[in-house]
Colleague: 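This is the structure, below, for whatever I ask next.
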Amino acid sequence: MYHCASDFQVNGKESVITALVTISRDQHCISRANISQAALKVLYRLKDSGFHACLVGGGVRDLLLGREPKDFDVATDATPEQVREVFRNSRLIGRRFRIVHVRFGREIIEVATFRAGQTEDPGERLTENGMLLHDNVYGTIEEDALRRDFTVNALYYDIRDFSVIDYADGMQDLEAGLLRLMGDPETRYREDPVRMLRAARFAAKLGFTIEPSTRAPISELSGLLAEVPPARLFEEVLKLFLSGHAVASFEKLRQYGLFEALFPETEEALATQEEEFPHTLVLKGLENTDARVAEGKPVTPAFLFAVLLWEPVRLRWLALQSEEHGTYAALQAATGDILERQVARVAIPRRFSTPMREIWTLQSRFQHTKGKRPKRLAAHPRFRAAYDFLLLRAESGEADPRLAQWWTDFQAGEEQPASTEETPARRPRRRRRRRKPAGDSA
Ligand code: ATP
Ligand code: MG
């Protein structure tokens with residue numbers, strides 16, 4: 001935790017909106033030893049080329065909290081073109097606003113030019129609902145600070161004298177563990193509704209409290225998320241659920257009525273469930289995800305979305321089965337329906353939605369434990385993920401735990417357990433040639 005913010009040095013310079021506070025190097029906890037070499041190189045090289053360069057955003061916030069930053073962002077008064085001239089190993093990216101990526105080996109440092117949040121005619125840059133369309137007007141560092149979202153995200157680490165610059169009382173909020181939007185919260189949410197998700201995300205990740213006036217408009221404005229491009233929401237969902245704090249994110253999102261904006265059908269299923277398992281499955285799945293992240297194991301969006309959307313798929317599957325479809329066809333149709341409706345909200349790129357659907361559709365094939373089918377299923381490229389999913393279903397009381405156990409034993413190469421031997425052996429229906437006796441599951 002940050003403990004050295006109590007004796008601020010106020011420079012005395014007042015701005016229209018807030019006072020500038022500079023915390024000198026001996027009064028804060030940031031050490032260059034905790035900043036990546038690449039970020040330091042970028043900062044020093046910009047400074048030596050005559051530009052003002054600072055570390056900003058989550059990197060500064062996390063360093064002050066004694067956490068390891070996910071990445072380091074640099075803000076500067078150099079234009080993107082000037083940044084490109086300083087670094088040969090860089091390229092311009094971004095459509096919404098232009099930033100420069102400077103690459104050192106595998107590490108990329110994002111360099112952005114100070115931008116202003118306000119122009120003479122803000123109406124030009126807003127939609128009917130007040131959503132910000134363009135955000136690429138260059139400005140001073142102070143303007144750059146004030147267009148950021150939360151006060152704790154608007155702190156600058158200045159490479160000239162290693163001080164922290166604070167235009168918005170971010171240090172006080174950091175110490176108090178508060179997420180406070182700068183400016184009028186409703187206006188800021190209308191400019192960019194994703195800020196509501198960011199509030200929930202930082203509350204989950206940092207264990208911070210959302211300050212009351214920042215929290216108040218959320219329930220009323222959560223519907224604005226419907227106007228955010230689904231592709232952007234996909235990126236946000238990954239940050240919410242694949243960064244090691246999925247359970248906390250889920251709880252915060254539900255607490256503030258935001259989960260519904262992302263996963264309406266899942267929310268409906270959770271709200272109307274009669275038995276315990278849908279909630280349990282989502283929670284267990286997210287707990288597993290968090291545990292894997294903590295252990296440094298890989299996590300995939302395909303499995304995450306399979307978990308989050310399973311309950312709507314299952315309900316649809318049940319509904320369709322009672323009609324003319326067979327079990328497998330009904331499941332396939334159900335996955336198609338749910339996916340189609342979901343991607344209108346949160347995009348799921350095909351490289352994830354294809355394996356996600358396989359994880360789902362393989363669930364109906366686990367029922368076949370006779371003959372050659374188990375072996376064939378086990379050879380499916382998505383078998384492992386689908387089996388993990390079956391375990392999750394069994395753990396949460398939705399699938400038969402004996403079936404899950406059968407597949408566990410099957411993989412361990414053990415004899416088929418007694419419970420399945422009780423069912424009379426059936427001949428596989430479409431067997432072309434008889435090579436081996438049935439029961440090739442060892
Ligand atoms: P982390 O990287 O740990 O998820 P972060 O605070 O660095 O958190 P980023 O999305 O990397 O978040 O953004 C970097 C900085 O850019 C933020 O700290 C904030 O100052 C600013 N920022 C990002 N998104 C917004 C937004 N939607 N509105 C206003 N400012 C934003
Ligand atoms: Mg960041």
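Counting convention: from 1, in listed order, for ligands and their atoms alike.
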Colleague: Just wondering, do R190 and T187 contact through their side chains at under 4.5 Å, heavy atoms?
Modeller: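 No, side chains not in contact.
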
Colleague: Using side-chain heavy atoms (C-beta onward) and a distance below 4.5 Å, is F114 in contact with Y138?
Modeller: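 With C-beta onward as the side chain, the pair stays apart.
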
Colleague: Which ligand 1 atoms are under 4.0 Å away from a heavy-atom of D73?
Modeller: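 Contacts of ligand 1 toward D73, numbered from 1: 11 (O), 14 (C).
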
Colleague: Where is the tightest heavy-atom contact between W407 and L377, given as atom of each residue plus distance?
Modeller: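 Looking at all heavy atoms of both residues, the closest pair is CH2-CD2, 3.6 Å.
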
Colleague: Which residues satisfy the side-chain hydrogen bond (donor to acceptor under 3.5 Å, both in side chains) test with D400, sequence neighbours excluded?
Modeller: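 If we apply the side-chain hydrogen bond (donor to acceptor under 3.5 Å, both in side chains) test to D400, skipping adjacent residues, the hits are R402.
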
Colleague: So, 4.0 Å and heavy atoms of R201: is ligand 1 close enough to count as a contact?
Modeller: yes

Colleague: Please determine whether a side-chain nitrogen of the Lys or Arg among R314 and E311 lies less than 4.0 Å from a carboxylate oxygen of the Asp or Glu.
Modeller: yes

Colleague: For the 3.5 Å polar cut-off, considering only N or O atoms, please tell me whether R188 and ligand 1 meet it.
Modeller: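 Such a contact does not occur with ligand 1.
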
Colleague: Any side-chain heavy atom of T140 sitting closer than 4.5 Å to one from D77?
Modeller: no

Colleague: Could you check whether any side-chain heavy atom of L55 comes within less than 4.5 Å of a side-chain heavy atom of I159, counting everything from C-beta outward?
Modeller: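 L55 vs I159: side chains apart.
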
Colleague: Could you check which of T151, D149, V56 puts a non-hydrogen atom nearest to atom 30 (N) of ligand 1?
Modeller: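 Residue with the shortest heavy-atom distance to the ligand atom: D149.
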
Colleague: May I ask you to test the V102-V74 pair for a side-chain heavy-atom distance under 4.5 Å?
Modeller: no

Colleague: Quick one: does W360's side chain get under 4.5 Å of W317's, heavy atoms only?
Modeller: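 No, side chains not in contact.
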
Colleague: Below 4.0 angstrom from a heavy atom of R147, which ligand 1 atoms are there? Numbered from 1 as shown, please.
Modeller: 29 (C)

Colleague: Are F202 and ligand 1 in contact, using a heavy-atom cut-off of under 4.0 Å?
Modeller: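 The answer is yes: ligand 1 sits under 4.0 Å from a heavy atom of F202.
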
Colleague: So, do F202 and D149 sit near enough that their side-chain heavy atoms are less than 4.5 Å apart?
Modeller: yes

Colleague: For residues F250 and F241, establish whether the separation of their ring centroids is below 6.0 Å.
Modeller: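 F250 vs F241: aromatic centres not under 6.0 Å.
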
Colleague: Please confirm whether R232 comes under 4.0 Å of ligand 1, counting heavy atoms of the residue only.
Modeller: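 Yes; R232 lies near enough to ligand 1 that a heavy-atom distance drops under 4.0 Å.
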
Colleague: Within ligand 1, which atoms have a heavy atom of G57 less than 4.0 Å away?
Modeller: 18 (O)

Colleague: With atom 26 (C) of ligand 1 as the reference point, say which of R115, R195, K239 has the nearest heavy atom.
Modeller: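 Minimum heavy-atom distance to atom 26 (C) of ligand 1 goes to R195.
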
Colleague: Considering both backbone and side-chain atoms of G58, is one of its nitrogen or oxygen atoms within less than 3.5 Å of a nitrogen or oxygen in ligand 1?
Modeller: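 Between G58 and ligand 1 (N or O atoms, distance only) the closest approach is under 3.5 Å.
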
Colleague: Sorted by chain and residue number, which protein N/O/S atoms are under 2.8 Å from the Mg ion (ligand 2)?
Modeller: D71 OD1

Colleague: What part of D192, side chain, backbone, both or neither, has a heavy atom within less than 4.0 angstrom of ligand 1?
Modeller: side chain

Colleague: How does V194 reach ligand 1, by side chain, by backbone, by both or by neither, if only non-hydrogen atoms under 4.0 Å count?
Modeller: neither

Colleague: Any side-chain heavy atom of L309 within less than 4.5 Å of one from I348?
Modeller: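 Side-chain contact under 4.5 Å: yes.
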
Colleague: Mind checking whether K70 contacts ligand 1 via backbone (N, CA, C, O), side chain (CB onward), both or neither, at a 4.0 Å heavy-atom cut-off?
Modeller: side chain

Colleague: Number the atoms of ligand 1 from 1 as they appear, then name those within less than 4.0 Å of a heavy atom of D71, with their elements.
Modeller: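 This gives 2 (O) as the contact atoms.
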
Colleague: Is the NZ or CZ atom of R198 positioned over F150's six-membered ring, under 6.0 angstrom from the centre and within 45° of the axis?
Modeller: no

